[in-house]
Amino acid sequence: MHTIATHTRNYINAEYGVMSWLLTRDHKRIALLYLGSVTTFFALGGLFAVAIRLELLTPAGDLVQSETYNKLFTMHGVIMVFFFLIPAIPAVLGNFLVPIMIGAKDLAFPKLNLLSWYIFMIGASFALWAVVNGGVDTGWTFYTPYSSVVSNTQVIAAAVGIFITGFSSILTGLNFIVTIHRMRAPGMTWFRMPLFIWSHYATSLIMVLGTPVIAITVLLVFAERALKLCIFDASCGGDPVLFQHLFWFYSHPAVYIMILPAMGVISELVAAGARKNVFGYSFVAFASLAIAVLGFLVWGHHMFVSSQSVYAGMIFSILSFLVAIPSAVKVFNWTATLYKGSVSWQTPMLYAYGFIGLFAIGGLTGLFLATLGLDVHVHDTYFIVAHFHYVMVGGTIMAYLGGLHYWWPKISGRLYPEGWAKFGALIVFVGFNLTFFPQFIVGYLGMPRRYHAYPEEFQVLNVMSSAGASILGVGYLIPFVYFIWSMRYGPKAGPNPWGAKGLEWTIDSPPITENFVDTPVVTEGAYAYTHERMDVV
Amino acid sequence: MSDHTIPTRIYYMVFGALIVLTAFTVWVAYLDLGFANTAVAMGIAVTKATLVVLYFMHVRYGSRLTWVVVASGFVWLGILFALGLSDYLSRGWLPQPGVPRI
Amino acid sequence: MFQNLPLFPAQASGFAGQVDALYFFLIAVSAFFSLLIALLIVVFAIRYRRRSPDEVGAGITGSLQLELLWTIVPLGITMVMFLWGAWVFFTLNRAPRAAMEIYVVGKQWMWKVQHPDGQREINELHVPVGRPVKLLMGTEDVIHSFFIPAFRTKFDVVPGKLTTLWFEATKPGRYHLFCAEYCGTKHSAMIGWVEVMEPAAFQAWLSGGAGEGSLASRGERLFQDLACHTCHMPDSQGRGPVLDGLFGKPVKLQDGRTVVADESYLRESIVNPQGKIVAGYQPLMPTFQGLISEEGVLQLIAYIKTLGPKAAPGPSANEPPPPAKQGTP
Amino acid sequence: MSDAQFVPSPATHAHHPAQAHHFDSLEQQQEASTLGMWVFLVNEIMFFGGLFMAYLVYRTWYPDAFAAGSSHLNIPLGATNTAVLIISSLTMALAVHAAQTSWRRGQIVFIILTIALGTTFLVIKAFEYADKFTHHLVPGPHFQWPDEKLRAPVEIFYSLYFALTGLHALHMVIGIGIMLWLLWMAWRGRFDAEYYSPVEVSGLYWHFVDIVWIFLFPLLYLIGAHVRHV
Ligand code: HEA
Ligand code: HEA
Ligand code: CUA
Ligand SMILES: [Cu+2]
């Protein structure tokens, strides 16, 4: 890397003092602000999960009151979804990497980027206010009329929090879209972009097109509750099912906001881990767009037994199967990328393997739910809980951790301890499966979700799940500890510890404030590890 | 950026059309045309909106990307309406055994 | 503790087998693909593990044939899932004509059941084995969901609507009844039992205690109390249409549409008469929204269904049950 | 990129003072702002879209109640407001034109006119709202409707009326805020033919708010026009 000058100045030590962080416009510093915030929310959401699992150790509802239990899972869901998982990869890794990967000095609108973080924190404050002042008990889905006229908890504060946070997501998406369109370095054509960028582009489309609908929907719940308007309330002839339509119009695409960036991370990990072109690059790139677009057409699969029309159910079912196809394409392409690669067994790859396997199971069980006749039985049981934890925890969090490990040297300039990291990844994998696999079984047996007490015959499976959760908790604690440790004691990383391709590995670790000394000129595709060309067999 | 500076004459013409259309839509609303009332009102509103988008908002002279962005907004609105209505309009269609079909 | 570890729910309804067959098909597909992928990953990761620090992978970029293969094969498989699933779903959604009808109302946090002959129960549902049963369901407050795992079926009860659910129990026994849609504090206590009985035992149970008269007769009393009869008279003298023989018949509406007078229509006509105006009538009927309990609405419906010429499909509530018939058309 | 070359920044020409350092050129910066605003407006379409969906459903369910509810809205005032907004769109377009032609006086005059028209709109709207309050047409416990049978669905109509017009008015308020800032910048002579994207981009926003009203007016005010004489 002859072109790299060693700068002692980098984005971390460029300026000092709290204000230099709170007023920064550097996308990398903002990424770290988000990293701090979402980690805190993850810990909080995790604490609620621990409480849930403790309660479910015994069939009787003996640890907490049912009111409390209902608040626990609601706040667990709300915090994990809106304040952790949706921002996690885009706002942390995306913020850090999108400009660097396309050879830009920053996002198109740095001030807006900082504003997004403030909006996020303001929204989060409302949600936290709700948590501290008695909590919310509507479930993260806020179904009316329970949320709008019946519940007597802090629905208004939570709704306002989600409304505000939504704008942070919208502005992040907007910033990415404009950046990717307008800020690419010379030579960085669309089909030379890393797949991480493609998937963030697709994610941003969903953020911009979907998030406003959840914003207006929670605003209407707010209006119905606080201003006594009549929108969904059946007592003035309104339709509670309309709320569900509007809610899922966003919230189904939102699950792709959670998974698409994770898929982008996996594409990078697999390419660097196998030192190879991602197999079928353009298919993977277009699969991201296909998921983003088709993802808007399937929301009604959450409403098969909601009294939605049978025909609408059929339309949503068949479209749900269609949206599974691009995901399948991606899984197969990642697997094929390993073929004849130079495959690494370092921690980021372990997480990538974990992701592919667990996402496959999570996604395939999604097919169970898209199957009309089967969903009637498993809807609102623990089968659903297992499905979405497999995709969200087994999928997105695995990818997030894999990505954090992979880019940690770039972010912090230091290496994490590899041995501990492998051990942590193993614990996470084992703990995860022990927690959530039994839930498929107990779900098919018929245990409904959001149950504070349950019949005795479900106990054994629930105890397994709770045991798994404690292992999983330890598994998450391990990286948390050694990442912090490495910031001080980790060995210096150097610009490219993995021998990986990509503009981010051509610059210093940690990078300087405007990323590049001189604007790079790109002359080849994203994963050009070799210039030989070869066929599959 | 549209380096295009549109002559102000066009602005005034569009403005005139918008005012005329507004007057027309008010007038026609007082006639009882049955279902056509809504169709006409929406037709006029769409025309007016199109004029504003094309001329006041310069899309007529904009890049292809602008066209795509604008179009995507309306396509997604269409998705929301179409799939939403797929439920509302087909409720109760399912023939039940023993109940006469209509 | 460990002898108490069920892995599979009891099969106690006509379609439990159908749903389970679908389940096993999906498990087979999923197991195949998950194991295939896991196997390939392990094999590749070991076979092609990195042997020297600056080794790179082969220059393979992709293969159109493979892309087509793994697009089309999953597409085909999922279409099978779709068709099969939709077919089961239709069965689940179309109660046979001969189904015996039971009225269910959900409210925070209990299930109230009324049998046509007048028995009421709370958090219990007694049904005979081998006869299709159709539940006509409403709610007094929020959304709930009537869920019987052993029957593999559930359906939401939604404010402002009448929803239905049907099944045919195949095995006598006691099965869990759950509320599956989150409905507030005691959601997890809104549970009960479904008691499937031999027909004779069921008949005995039915004649056990009907106290207040049949459902329809209670509906009739309400019809008088709410002064419905002042407008709806048996002859066409009243201000409202004649209700005799209405159930199950097509009704012409003012706006030109024709709808069938099923239970949902009757419910809507009572609670929200402005929604659908019968052709040839003025929108005079006041709304009874909030004036009748959900149970009352169901009683009125039961009453209207028994009215007049026996043109209505399905046995009237008071007849003895006909022998079980194959329901699925 | 092993063989990516690094070239020194191409330009040595003087940067426009408004150009941010992370852009290569003022042109790139202006294109980015315009695209950004368009993307934002698409988001706005969906934001109002949720409400329009609710309107669509209930309008098909309760056509008569909607017509009846609508007939209590004041068509002359609504039409006037439509005209006011259209004029303000014209003045906004002319303000952009003035910026494109480096005509500072024109910018100031047209922005002031736009602000004045926007305010007029809000004042008229306030009178309409006040009228609804005195006639108990605001949804909630005090809502009254002479025809008891239609009360519930008419309440839905007025809920949508207030939600739609209220959000629209909120957008107007924000728009006026932006205009005041533009006025300040124009006053200081910040905009010229080379750099005018703040005016252009704010103009897009303003026109969008106008378009929303173009739909609200017939959907809310006019559907009852032909029945009110029956
Ligand atoms: C990251 C989040 C995420 C992701 C990616 C998905 C992905 C999918 N989900 Fe999931 N889902 C949720 C999060 C997610 N879901 C959540 C949170 C809920 C519950 C919400 C609530 O009620 O609280 C839910 C609920 C949910 C339901 C509603 C269930 C109910 O309430 O009754 C349905 C129904 O169709 C569904 C389907 C799917 C499908 C078809 C996919 C597909 O996209 C999956 C595609 C992936 C694959 C198919 C696997 C990879 C492919 C292969 C291994 C090759 C073989 C493939 C084939 C043979 C096709 N999901
Ligand atoms: C991103 C989303 C996400 C994540 C990560 C999780 C993580 C977990 N979830 Fe959650 N879950 C949801 C999203 C998520 N969940 C949603 C949306 C619902 C539905 C809510 C509803 O019904 O409304 C739900 C519901 C839900 C239920 C069902 C409740 C019910 O229906 O009654 C259960 C039950 O077991 C559960 C368990 C768990 C467990 C054990 C974890 C574990 O993975 C958690 C492991 C984490 C820890 C144990 C914390 C570790 C601690 C640290 C790392 C802290 C260290 C740091 C510091 C000290 C600063 N979740
Ligand atoms: Cu009733 Cu849950
Ligand atoms: Cu979904």
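Within every chain, numbering begins at 1; the chains are lettered A, B, ... in the order of the sequence lines, protein sequences first and strands thereafter.
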Review point. Hey, which of Ser306(A), Gly499(A), Ala328(A) has the most heavy atom pairs under 4.5 Å with chain C?
Key: Ser306(A)
Practice item. Return the option, out of Tyr281(A), Tyr143(A), Tyr69(A), with the maximum number of heavy-atom pairs under 4.5 Å with chain C. Key: Tyr143(A)
Review point. Given a strict heavy-atom distance threshold of 4.5 Å, which part of Phe147(C) is in contact with chain A: side chain, backbone, both, or neither?
Key: side chain
**Study point:** Under 4.5 Å from any heavy atom of chain A - which part of Cys179(C)
**Key:** both
Check your understanding: Highest number of heavy-atom pairs under 4.5 Å with chain A: which of Tyr48(C), Phe44(C), Phe89(C)?
Key -> Tyr48(C)
Check your understanding: Looking at Arg49(C) and Glu55(C), does any basic side-chain N land under 4.0 Å from a carboxylate oxygen?
Key -> no
Practice item. Please look at Phe232(A) and chain C and tell me whether the side chain, the backbone, both or neither of the residue comes under 4.5 angstrom of a heavy atom of that chain. Key: neither
Point to revise | Thr139(C) side-chain N/O to Val142(C) backbone N/O, donor-acceptor pair under 3.5 Å | key: yes
Practice item. Select one option (side chain, backbone, both, neither) describing which atoms of Lys161(C) are under 4.5 Å from chain A's heavy atoms. Key: side chain
Practice item. Measure distances from His187(C) to the heavy atoms of chain A and classify the residue's part below 4.5 Å as side chain, backbone, both or neither. Key: both
Review point. Side chain, backbone, both or neither: which part of Thr381(A) has a non-hydrogen atom closer than 4.5 Å to chain C?
Key: side chain
Review point. Any side-chain donor paired with an acceptor under 3.5 Å for Asn462(A) and Tyr382(A)?
Key: no
Study note, to complete from the structure: Ranked by heavy-atom pairs below 4.5 Å to chain A, first place among Ala38(C), Cys183(C), Ala189(C), Ala45(C) goes to Ala45(C)
Check your understanding: When heavy-atom pairs shorter than 4.5 Å are enumerated against chain A, which of Val271(C), Leu92(C), Thr78(C) gives the highest number?
Key -> Thr78(C)
Review point. Picking from Thr68(A), Val310(A), Ile441(A), which has the most non-hydrogen pairs under 4.5 angstrom with chain C?
Key: Val310(A)
Point to revise | Segment of Ile46(C) engaging chain A (4.5 angstrom heavy-atom cut-off) | key: both
Point to revise | Whether Tyr390(A) and Phe440(A) hold their rings parallel, tilted or perpendicular, with breakpoints at 30° and 60° | key: tilted
Check your understanding: Is there a donor-acceptor pair closer than 3.5 Å between any side-chain N or O of Ser13(C) and the backbone N or O of Glu168(C)?
Key -> no
Check your understanding: When only pairs under 4.5 Å are counted, which of Leu22(C), Val43(C), Thr61(C) shares the most heavy-atom pairs with chain A?
Key -> Thr61(C)
Point to revise | Which atoms of Asp20(C) approach chain A - backbone, side chain, both or neither, heavy atom under 4.5 Å | key: both
Review point. Between Lys71(A) and Asp137(A), is there a salt bridge with N-O shorter than 4.0 Å?
Key: no
Check your understanding: Any sub-3.5 Å donor-acceptor pair from Arg449(A)'s side-chain atoms to Asp380(A)'s backbone N or O?
Key -> no
**Study point:** Asn70(A) side-chain N/O to Thr185(C) backbone N/O, donor-acceptor pair under 3.5 Å
**Key:** yes
Exercise for review: Tell me, yes or no, whether the heavy-atom count around Gln65(A) atom CD, taken from other residues, nucleotides or ligands under 6.0 Å, exceeds 12.
Suggested key: no
Practice item. Please state whether the side chain, the backbone, both or neither of Leu75(C) comes within less than 4.5 Å of a heavy atom of chain A. Key: both
Revision key, fill the gap. Tightest non-hydrogen contact, residues Leu66(C) and Phe279(A), listed as CD1-CZ, 3.8 Å
Check your understanding: Counting heavy-atom pairs under 4.5 Å to chain A, which of Thr163(C), Val158(C), Val88(C), Thr153(C) comes out on top?
Key -> Val158(C)
Check your understanding: When heavy-atom pairs shorter than 4.5 Å are enumerated against chain C, which of Ala234(A), Ser282(A), Gly357(A) gives the highest number?
Key -> Ala234(A)
Exercise for review: Examine distances only and state if a side-chain atom of Lys340(A) and a backbone atom of Ile60(C) form a donor-acceptor pair shorter than 3.5 Å.
Suggested key: no
Exercise for review: Give the ring-plane orientation class for Phe458(A) versus Phe178(C), where under 30° counts as parallel, over 60° as perpendicular and anything between as tilted.
Suggested key: tilted
Check your understanding: In terms of heavy-atom pairs under 4.5 Å, which option from Leu26(C), Ile41(C), Thr71(C) contacts chain A the most?
Key -> Leu26(C)
Review point. In this structure, are over 12 heavy atoms from other groups packed under 6.0 Å from Phe25(C) atom CZ?
Key: yes
Check your understanding: What residue, out of Tyr146(A), Tyr444(A), Phe304(A), Phe321(A), has the most heavy-atom pairs lying under 4.5 Å from chain C?
Key -> Tyr444(A)
Practice item. Below 4.5 Å from any heavy atom of chain A, which atoms of Ser34(C) appear? Answer side chain, backbone, both or neither. Key: both
Check your understanding: For Gln244(A), is it the side chain, the backbone, both, or neither that has a heavy atom closer than 4.5 Å to a heavy atom of chain C?
Key -> side chain
Review point. So which part of Leu83(C) gets closer than 4.5 Å to some heavy atom of chain A, the side chain, the backbone, both or neither?
Key: neither
Review point. Quick one: does Arg450(A)'s side chain have a donor or acceptor within less than 3.5 Å of a partner on Thr74(A)'s backbone?
Key: no
Review point. Where on Gln108(C) is there a heavy atom nearer than 4.5 Å to chain A: the side chain, the backbone, both, or neither?
Key: side chain
Practice item. With a 4.5 angstrom heavy-atom cut-off, could you sort out which part of Leu338(A) is near chain C: side chain, backbone, both or neither? Key: both
Check your understanding: Between the main-chain N or O of Ala271(A) and the side-chain N or O of Lys276(A), is there a donor-acceptor pair closer than 3.5 Å?
Key -> no
Point to revise | Interchain contact, Ala180(C) with chain A, by part (heavy-atom threshold 4.5 Å) | key: both
Practice item. Assess Arg152(C) against Phe8(C): is NZ or CZ under 6.0 Å from the centre of the six-membered ring, and within 45 degrees of the ring's axis? Key: yes
**Study point:** Residue, of Val149(A), Val442(A), Asn333(A), that accumulates the most heavy atom pairs under 4.5 Å with chain C
**Key:** Asn333(A)
Check your understanding: Given that the side chain runs from C-beta out, which part of Phe359(A) has a heavy atom under 4.5 Å from chain C: side chain, backbone, both or neither?
Key -> neither
